[in-house]
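For reference, the structure discussed in these notes is given below.
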Amino acid sequence: MFAEIKLLNLTRSKNLTNQIILLRSISLSSSNNAKDNYKLVVVGGGSGGLAVSSRFARKLGKNNVAVIEPSEWHLYQPGWTLAAGGVKNPDSFRRSESKMISKGVDWIKAKATDFQPESNTIVLDNGDKVKYDYLVMATGIKIDFDGIKGLKEALANDQQVVSMYSHETVKNVFPAIQRFKGGNAIFTFPKVPIKCPGAPQKVMYLAEDYFRKNGVRDKATVTYCTTLPVIFGVKKYADALMEVVKERDIKLNTQHHLIEIDYKNKQAIFERLDQPGTIVKLNYDLLHVCPPMKPFDEIKKSPLVDQTGYVDLDKHTLQHKKYPNVFGIGDCTNLPTSKTAAAIAAQSSILAENLGNLMNGKDANKAKYDGYTSCPLITAYGRTILAEFDYDGKPLETFPINQGKERRTMFHLKSDFMPFLYWNAFVKGYWGGPGIYLCYQKLAKNSREHRVYKVHRDCGVKSRLFLI
Ligand SMILES: Cc1cc2nc3c(=O)[nH]c(=O)nc-3n(C[C@H](O)[C@H](O)[C@H](O)COP(=O)(O)OP(=O)(O)OC[C@H]3O[C@@H](n4cnc5c(N)ncnc54)[C@H](O)[C@@H]3O)c2cc1C
């Protein structure tokens, strides 16, 4: 049926490009492949799902790997901060899913609704069942626009209430920044976990810089309201960001939890987490909201999750704690690190090695993930602090310079190089994070101390080289 609808559209379409896209999606759609059993099934065709499925399509060959993904579009979410600041066009961060899924991977265009890991079975929203030998969970996290009272109404009715957290709403952010001619500009950070915890303040720094460059900064109060007790979770970068907010006269309200927006009275209503029962009402002239996030319902009710609703993994091997043929990657997991695409890159090479070993009857515990994650903290147009750290919040910096400093090079790394890397290597399964460079840095440092062999072995340099 799906193929028939596509063919009908094809005959009507006069646009050659559209025809090519449609033809490709037909060749990838589940109805054409009609398989109900795969060696590897990946649930979710976002950043993690694409990186993993591409790697395994190369290892396992055609018709052995399937991605279950209902969406027509793949979204490069790290680009939304740049779009919100007017640096890039949001449409450049959205591509057709049919063009993103690697050759050799079957796309099952449906939603997984029920997981039966005891029988290696997934039930889809169209009623079909898919069986697997191995499963990778990569379903991401839900951005919950219903999680704040009045948010949806405010986004629909007040042009000065904005949120970069969807392809549809991100395009309203920069026009609102441009319209702002003074008063209170408020930027919010919800309760954790959220993806890319640095993002809510990046958009604030861009807006503040825009106000400065356009003569409205003197008439503006810029406030960052966060639920956290600190500006950022890792001390080195928190110290650097505190310098930035001090120097730029940005007001920091910690332990402020946005619970309601009253757009008719232009008020943002917060509860104080450090003073239970205390409500704070702030008037706004511009309000940027980061909505709360949570696991998708289908995942939360599955037997694959822990009590918080996230896929329950061994934090070093990325293997499921109860079902050894199940692995997970990215935002849907309970890995205690910041949820970022950078983390996923590093996880993808670890997962590929351990799952690949398991498939070959070898040790699935060999590669160990250290929690590597990264957040390019844009602090102005042309300035970025590149935070990189591990599970313990210990900086794991790629470059042999102090990354706690604002730098123009890091801004271009974020705005130009990273999108290029994402589209051309990451989603194709050729980018496993900067682990190898970190290892060679460590190697160089340690070789001076005559411990080359140990570091080489600790880092698993050989295998990472092979997998990248
Ligand atoms: C504003 C913003 C800024 C960011 N900035 C950065 C940054 O600077 N650097 C960085 O590294 N990261 C950044 N991130 C984070 C990064 O984008 C995410 O961590 C990453 O994209 C998550 O990838 P994922 O594969 O886990 O989930 P996603 O990419 O969200 O993909 C999950 C996929 O699973 C599908 N799915 C969900 N449920 C089901 C189901 N039941 N059945 C089948 N499919 C399902 C969804 O449709 C989706 O396509 C940012 C994120 C945002 C929102």
Side-chain angles (χ1 to χ4, degrees), residues 41-53 66-85 90 93-94 97 100-101 107-115 122-126 130 136-143 163-167 169-170 173 193-203 288 290-291 293 295-302 304 310-311 328-333 335 337-348 372-378 384 386-388 410-411 413-415 418-419 421-422 426-427 431 433-434:
V41 169
V42 178
V43 187
S47 310
L50 289 183
V52 168
S53 57
V67 167
I68 301 175
E69 167 61 62
S71 305
E72 203 59 58
W73 298 101
H74 179 90
L75 304 167
Y76 176 64
Q77 300 160 51
W80 287 348
T81 329
L82 298 165
F93 299 125
R94 189 174 82 150
E97 187 74 33
M100 299 301 298
I101 292 181
W107 177 16
I108 299 174
K109 192 172 182 303
K111 186 194 265 194
T113 51
D114 192 24
F115 295 84
I122 295 169
V123 182
L124 307 177
D125 57 353
N126 59 14
V130 182
V136 173
M137 293 296 291
T139 48
I141 187 171
K142 181 177 176 180
I143 299 176
S163 176
M164 67 180 165
Y165 283 86
S166 75
H167 179 76
T169 56
V170 66
V173 179
I194 65 164
K195 50 179 111 193
C196 193
Q201 59 186 298
K202 298 183 209 177
V203 59
H288 180 275
C290 173
M293 302 181 197
F296 285 100
D297 292 341
E298 298 80 13
I299 313 306
K300 200 173 175 180
K301 70 174 170 66
S302 81
L304 298 170
Y310 292 94
V311 179
I329 189 165
D331 294 357
C332 69
T333 69
L335 300 173
T337 193
S338 282
K339 296 183 183 300
T340 66
I344 290 172
Q347 290 162 17
S348 69
Y372 171 84
T373 189
S374 166
C375 188
L377 294 155
I378 299 171
T384 291
L386 182 61
E388 290 178 288
M410 297 304 167
F411 181 82
L413 187 85
K414 158 77 188 163
S415 63
M418 284 183 177
L421 186 71
Y422 186 81
F426 184 119
V427 290
W431 175 244

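Residue numbers count from 1 along this sequence. Scope of the values below: all heavy atoms of this structure, side chains included, with no hydrogens, waters or symmetry mates. Whatever order the structure lists ligands and atoms in, that order sets their numbers, starting from 1.
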Quiz prompt | Shortest protein heavy-atom distance from atom 44 (N) of ligand 1, along with the residue and atom involved | solution = P70 CD, 3.3 Å

Quiz prompt | Lys NZ or Arg CZ of K339 over Y310 ring: under 6.0 Å, within 45° | solution = yes

Practice problem: Could you see which bit of Q77 sits under 4.0 Å from ligand 1, with heavy atoms only: side chain, backbone, both or neither? | Solution: both

Exercise. Would you mind finding which of C196, A342, C332 brings a heavy atom closest to atom 5 (N) of ligand 1?
Key: C196

Quiz item: Against heavy atoms of T81, which atoms of ligand 1 measure under 4.0 Å?
Solution: 3 (C)

Exercise. Please work out whether any backbone atom (N, CA, C, O) or any side-chain heavy atom from C-beta onward of Y165 is under 4.0 Å from ligand 1, and answer side chain, backbone, both or neither.
Key: side chain

Practice problem: Under 4.0 Å from a heavy atom of P376: give me the atoms of ligand 1 that qualify, with their elements. | Solution: 8 (O), 9 (N)

Practice problem: Quick one: look up the protein heavy atom nearest atom 27 (O) of ligand 1 and list residue, atom name and how far away it is. | Solution: G140 CA, 3.3 Å

Quiz item: What part of V43, side chain from CB on, backbone N/CA/C/O, both or neither, has a heavy atom under 4.0 Å from ligand 1?
Solution: side chain

Exercise. Answer side chain, backbone, both or neither: which part of C375 comes under 4.0 Å from ligand 1, heavy atoms only.
Key: neither

Self-check item: Shortest non-hydrogen contact from F115 toward V43
Solution: CE2-CG2, 4.0 Å

Exercise. Report the part of K414 (side chain from C-beta onward, or backbone N, CA, C, O) that has a heavy atom under 4.0 Å from ligand 1; answer both or neither where that applies.
Key: side chain

Practice problem: Run down the list P78, A84, A341 and name the one with the heavy atom closest to atom 17 (O) of ligand 1. | Solution: P78

Exercise. Can you sort out which atoms of ligand 1 are near S71, meaning under 4.0 Å from one of its heavy atoms?
Key: 47 (O)

Quiz item: What part of A112 sits under 4.0 Å from ligand 1 if we count only heavy atoms: the side chain, the backbone, both or neither?
Solution: both

Practice problem: Just jot down the ligand 1 atoms closer than 4.0 angstrom to any heavy atom of I344, in number order. | Solution: 20 (C), 22 (C), 23 (O), 24 (P), 26 (O)

Quiz prompt | Proximity to ligand 1 by part of K202, non-hydrogen separation under 4.0 Å | solution = side chain

Practice problem: Could you list the atoms of ligand 1 found under 4.0 angstrom from a heavy atom of A138? | Solution: 32 (C), 33 (C), 34 (O)

Quiz item: Nearest non-hydrogen atom to atom 22 (C) of ligand 1 belongs to which of D331, L75, T384, T340?
Solution: D331

Quiz item: Who's the nearest protein heavy-atom neighbour of atom 20 (C) of ligand 1, and how far?
Solution: S47 OG, 3.7 Å

Quiz item: Any chance the side chains of T340 and T373 put a donor and an acceptor closer than 3.5 Å?
Solution: yes

Exercise. List the steps and the verdict of side chain to side chain contact (heavy atoms under 4.5 Å, CB included) for T384 and L413.
Key: CA-CA 9 Å; T384 291; L413 187 85; over 6 Å; no

Quiz item: What atoms of ligand 1 come closer than 4.0 angstrom to any heavy atom of K111?
Solution: 40 (C), 41 (N), 42 (N)

Exercise. Determine, step by step, whether F411 and I378 satisfy the side chain to side chain contact (heavy atoms under 4.5 Å, CB included) criterion, reporting the C-alpha distance in whole Å, the side-chain angles of both residues, the deciding distance to 0.1 Å, and the verdict.
Key: CA-CA 7 Å; F411 181 82; I378 299 171; 3.9 Å; yes

Self-check item: H288 side-chain N/O to P200 backbone N/O, donor-acceptor pair under 3.5 Å
Solution: no

Quiz item: What residue and atom, counting heavy atoms only, is the protein's closest point to atom 31 (O) of ligand 1, and at what distance?
Solution: G46 CA, 3.2 Å

Quiz item: Which atoms of ligand 1 are found less than 4.0 Å from any heavy atom of G330?
Solution: 26 (O)

Quiz prompt | Shortest protein heavy-atom distance from atom 25 (O) of ligand 1, along with the residue and atom involved | solution = G48 N, 2.8 Å

Quiz item: Can you tell me which residue and heavy atom of the protein come closest to atom 35 (C) of ligand 1, and the distance to 0.1 Å?
Solution: E69 OE1, 3.2 Å

Practice problem: For residues A110 and D125, report the shortest heavy-atom separation together with the two atoms involved. | Solution: CB-OD1, 3.5 Å

Quiz prompt | atom 37 (C) of ligand 1 [closest protein heavy-atom partner, distance rounded to 0.1 Å] | solution = T139 O, 3.2 Å

Practice problem: Around atom 43 (C) of ligand 1, find the nearest protein heavy atom and jot down its residue, atom name and distance. | Solution: I68 O, 3.4 Å

Quiz item: Any donor-acceptor pair under 3.5 Å linking the side chain of D114 with the backbone of V123?
Solution: no

